[in-house]
Every structure is written in structure tokens, then in C-alpha cells.
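Following: one structure in C-alpha cells, then a few remarks.
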Amino acid sequence: MESDSAMGAFPLLTTPIESNYRACTIPYRFPSDNPRKATPTEIAWIDLFRNSIPSFKKRAESDTTVVDAPTKAEKFAQRYADILDDIKKDPESHGGPPDCILLCRLREQVLRELGFRDIFKKVKDEENTKAISLFPEVVCLNDDIEDGGKRLENLVRGIFAGNIFDLGSAQLILQWQAVIFVDNSGADVILGILPFARELLKCGTQVVLAANDLPSINDVTYPELIEIISKLKDESGKLIGVDTSNLLIANSGNDLPVIDLTRVSQELAYLASDADLVILEGMGRGIETNLYAQFKCDSLKIGMVKHPEVAQFLGGRLYDCVFKYNEVLG
């Protein structure tokens with residue numbers, strides 16, 4: 001991950017950042033809570049992360065890039081479980097009080113200390129290969145829709161099935177420079193985000209795709225996204241007939257499945273400084289950490305609710321899809 005000195009705040013956050021932004025949608029505790037006693041919300045989220053340990057352990061055991069992976073996977077499971085137990089006993093331990101960013105960071109820290117760099121690499125590669133083979137068909141089906149508004153609606157449905165969001169006419173988005181924080185590998189980025197980004201490019205919009213610096217779960221990384229797009233381009237550098245000179249890929253500087261927008265790479269901060277639209281996609285970035293984030297420009301947060309705790313907080317149901325569009329007037 002980039003050094004702390006190379007990281008800075010996302011330039012489109014509403015200022016002053018200290019009073020307007022916190023990278024945690026769901027409050028785990030309040031000032032009146034006992035700092036030495038875990039709150040019910042903290043306990044629920046600690047248990048959620050603890051319940052994910054077996055699946056992470058299984059992935060780690062099969063990581064062929066790590067010597068003696070099964071033994072080290074067992075060490076990961078035990079160490080991370082011990083850390084979660086510590087935080088449940090004393091919420092201020094291990095850098096607490098806990099939130100989803102800290103709990104994710106501690107998990108990644110233990111994995112990396114044991115030599116695990118990308119335990120989801122195999123499944124990501126498999127899903128990317130499948131999705132790349134389907135990309136031309138998905139794009140052609142979208143291109144066959146003549147009405148611009150309906151075409152955009154269909155593209156957004158491709159990101160999250162069952163959700164309808166009217167982004168307006170193609171004439172409106174001609175003026176945009178859009179920054180899109182991408183999420184998962186495979187169908188999510190290749191068959192969801194990239195056809196949508198291609199449509200924006202076709203309308204003359206400059207598009208910046210921001211991807212993670214380092215692997216985390218099955219999120220697509222900056223190097224992987226560059227490789228994916230290079231495979232999708234034809235010999236003239238086009239995406240199924242659309243010029244990509246206005247498509248930029250940025251390293252966000254992030255290494256987690258959630259994101260704190262006070263710490264992004266200088267590269268992304270520079271590219272995003274004059275953007276007209278910020279899109280945060282996925283449950284981690286769009287819902288759990290930035291659903292209420294305020295920006296100086298229009299913003300769109302989109303994600304599927306995959307945790308019961310999130311559904312309860314939002315007053316919805318598991319697997320509901322969230323579309324939150326905020327327009328900045330003037």
C-alpha cells in the first residue's frame with residue numbers, strides 16, 4: 001500500500017471534512033457508551049466477522065503461492081479469532097473502538113503477516129475469464145436499445161438487477177467527468193461497471209475507474225483492472241467500437257473492501273479534482289462506509305445489502321438494492 005505521506009483526502013468531500021465525513025455509515029457506539037464495554041452493535045459486527053473466519057481459512061488453505069498454507073491458514077484463523085475476542089472484552093484494544101474499517105484492516109493484517117497476499121486470486125481469475133467471454137454479447141444487447149434513457153436504465157440494471165434509476169438523457173451526461181470506485185472482479189466489474197462506463201465514454205464523458213492498490217477478498221485491483229481492459233480492447237484500442245482515450249484507470253491507494261475517503265492516493269486526488277459525478281459501487285464502499293458521505297458534486301451510491309445487520313439498520317431486507325443519488329444544486 002502507498003505510504004501515509006502519499007495519501008490524502010478525496011478532494012470532492014464536503015469541507016470541513018472533520019465535521020462532515022466519517023467512514024462508517026452505521027454507528028457502532030455513542031459518546032455516552034462505556035468505552036470499556038462493547039456495545040450490542042459492536043458485538044453483532046464482531047460476531048459477523050468471526051463467522052467469516054472459516055471461509056477465509058478455507059481459501060487460505062488452498063493458496064498454492066504460500067508454503068505450508070494449511071498450517072498458516074490455521075494460524076490466521078486462531079490469531080484473528082483471538083483479536084476479535086480481545087476487542088469484545090476491551091473495545092479500545094487493537095486500535096479500537098471497532099468499526100468495519102478496523103475489523104477489515106486487522107483481518108488483512110493477519111493474512112499478510114503470514115504471507116497470504118491474495119487468497120481469492122484463483123476464483124477472481126476464473127470469474128474474470130468467464131465474464132470477459134460474455135462482454136461482447138452484453139454490450140451488443142445494450143447497443144441494440146435505441147432509446148438513450150432506456151439504454152442507460154438497462155445498463156444500470158446490469159449493475160444491480162431489479163433496480164431502476166433514471167440518469168437522464170444522454171445529452172445531460174455529455175458534460176460529466178465521472179469517477180467510479182469499482183468493487184468486485186468478474187461479472188460485477190466486467191459485465192456491470194464496464195458496459196456502463198463504455199456508455200458514458202460513448203457520450204463524451206471522461207471516466208476515471210478507481211480500483212484497490214492491494215488485494216482484499218475478491219475486489220478487483222488496479223493491476224488486474226488494467227489487464228482486464230487490455231484484454232477487452234480491440235487492435236485499435238477500442239471497447240467494442242468505442243474510443244477509450246477518455247478512460248483512465250487510477251490506483252485508489254486502498255487495500256480493503258471498504259474505503260475511508262480521507263486516505264486516497266495522490267494520483268486519484270489529482271484525477272478526481274474537477275469531476276462532476278462520484279459513483280461508489282458495492283456494499284462496502286457504497287453502503288457500509290459512505291452511504292451518507294457528502295460531496296461537492298453529484299454522487300451515486302449503489303450496492304446490494306448482504307448483511308442482516310445492514311438490512312436492519314436501513315429498515316430493509318437482505319439482498320435489497322440501494323440506489324442513493326445526491327444532486328448538488330448550483
Side-chain angles (χ1 to χ4, degrees), residues 1-26 28 49 83 94-113 116-118 120 177-185 189 193 206-226 247-297 299-301 303:
M1 187 177 177
E2 297 196 22
S3 65
D4 286 345
S5 62
M7 305 289 280
F10 189 64
L12 296 173
L13 286 172
T14 300
T15 53
I17 294 173
E18 294 77 13
S19 58
N20 281 292
Y21 178 76
R22 182 165 182 257
C24 188
T25 299
I26 301 173
Y28 284 24
F49 275 81
I83 288 172
H94 299 282
D99 57 21
C100 59
I101 286 183
L102 179 64
L103 296 175
C104 286
R105 185 167 298 287
L106 289 170
R107 182 175 61 196
E108 295 297 337
Q109 182 179 314
V110 175
L111 284 168
R112 290 166 189 163
E113 286 174 351
F116 295 106
R117 291 291 176 265
D118 193 357
F120 286 81
Q177 176 185 346
V179 177
I180 305 174
F181 288 84
V182 298
D183 189 23
N184 299 323
S185 294
V189 69
I193 289 296
Q206 184 176 72
V207 178
V208 178
L209 299 178
N212 266 16
D213 178 30
L214 297 178
S216 183
I217 315 184
N218 64 328
D219 289 7
V220 67
T221 64
Y222 171 71
E224 289 168 346
L225 188 55
I226 290 176
L247 177 63
L248 303 173
I249 314 300
N251 184 331
S252 69
N254 190 42
D255 63 343
L256 300 175
V258 291
I259 191 167
D260 180 350
L261 291 176
T262 64
R263 301 186 74 256
V264 301
S265 69
Q266 291 183 356
E267 172 197 8
L268 176 58
Y270 173 76
L271 292 174
S273 60
D274 60 348
D276 304 293
L277 176 68
V278 174
I279 300 175
L280 289 140
E281 187 236 349
M283 183 177 70
R285 294 168 187 81
I287 301 177
E288 289 183 349
T289 49
N290 289 288
L291 186 62
Y292 302 130
Q294 300 178 53
F295 297 92
K296 299 174 184 176
C297 64
S299 62
L300 175 63
K301 292 81 176 260

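The model shown is predicted, which means the values in this text are computed figures rather than measured ones.
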Any donor-acceptor pair under 3.5 Å from [X] side chain to [Y] backbone:
| X | Y | result |
| --- | --- | --- |
| T221 | N212 | no |
| K296 | T15 | no |
| D276 | Q177 | yes |
| N20 | L13 | no |
| S185 | N218 | yes |
| R263 | A9 | no |

Search all heavy atoms of [X] against all heavy atoms of [Y] and return the closest pair with its distance.
| X | Y | value |
| --- | --- | --- |
| P11 | S273 | CG-CA, 3.9 Å |
| L214 | R112 | CB-NH2, 3.9 Å |
| I259 | R285 | CG2-CG, 3.7 Å |
| A210 | S252 | CB-CB, 4.3 Å |
| A293 | Y21 | CB-CE1, 3.8 Å |
| E267 | N251 | OE1-N, 3.3 Å |

Can you tell me how far [atom2] of [Y] sits from [atom1] of [X], rounded to the nearest 0.5 angstrom?
| X | Y | atom1 | atom2 | result |
| --- | --- | --- | --- | --- |
| C297 | L12 | SG | CG | 4.5 Å |
| L280 | F10 | CG | CZ | 7.5 Å |
| E108 | L256 | CD | CG | 6.5 Å |
| L111 | R117 | CG | CZ | 9.5 Å |
| L225 | D219 | CG | CG | 12.0 Å |
| N290 | C24 | CG | SG | 10.0 Å |

D255 vs D213, side-chain contact (heavy atoms from CB on, under 4.5 Å): CA-CA, chis, key distance, verdict: CA-CA 6 Å; D255 63 343; D213 178 30; 5.5 Å; no

Can you find a heavy atom in the side chain of [X] that is under 4.5 Å from one in the side chain of [Y]?
| X | Y | result |
| --- | --- | --- |
| E224 | V189 | no |
| E288 | C104 | no |
| L102 | Y28 | no |
| N254 | F181 | no |
| V179 | V208 | yes |

Is there a side-chain contact (heavy atoms from CB on, under 4.5 Å) between I101 and T289? Walk through the geometry before answering. CA-CA 8 Å; I101 286 183; T289 49; 4.0 Å; yes

Apply side-chain contact (heavy atoms from CB on, under 4.5 Å) to the pair R107 and I217, showing each step before the final yes or no. CA-CA 10 Å; R107 182 175 61 196; I217 315 184; 3.6 Å; yes

In plain terms, say whether R105 and D260 are close enough for a salt bridge, that is, a side-chain N and a carboxylate O under 4.0 Å apart. no

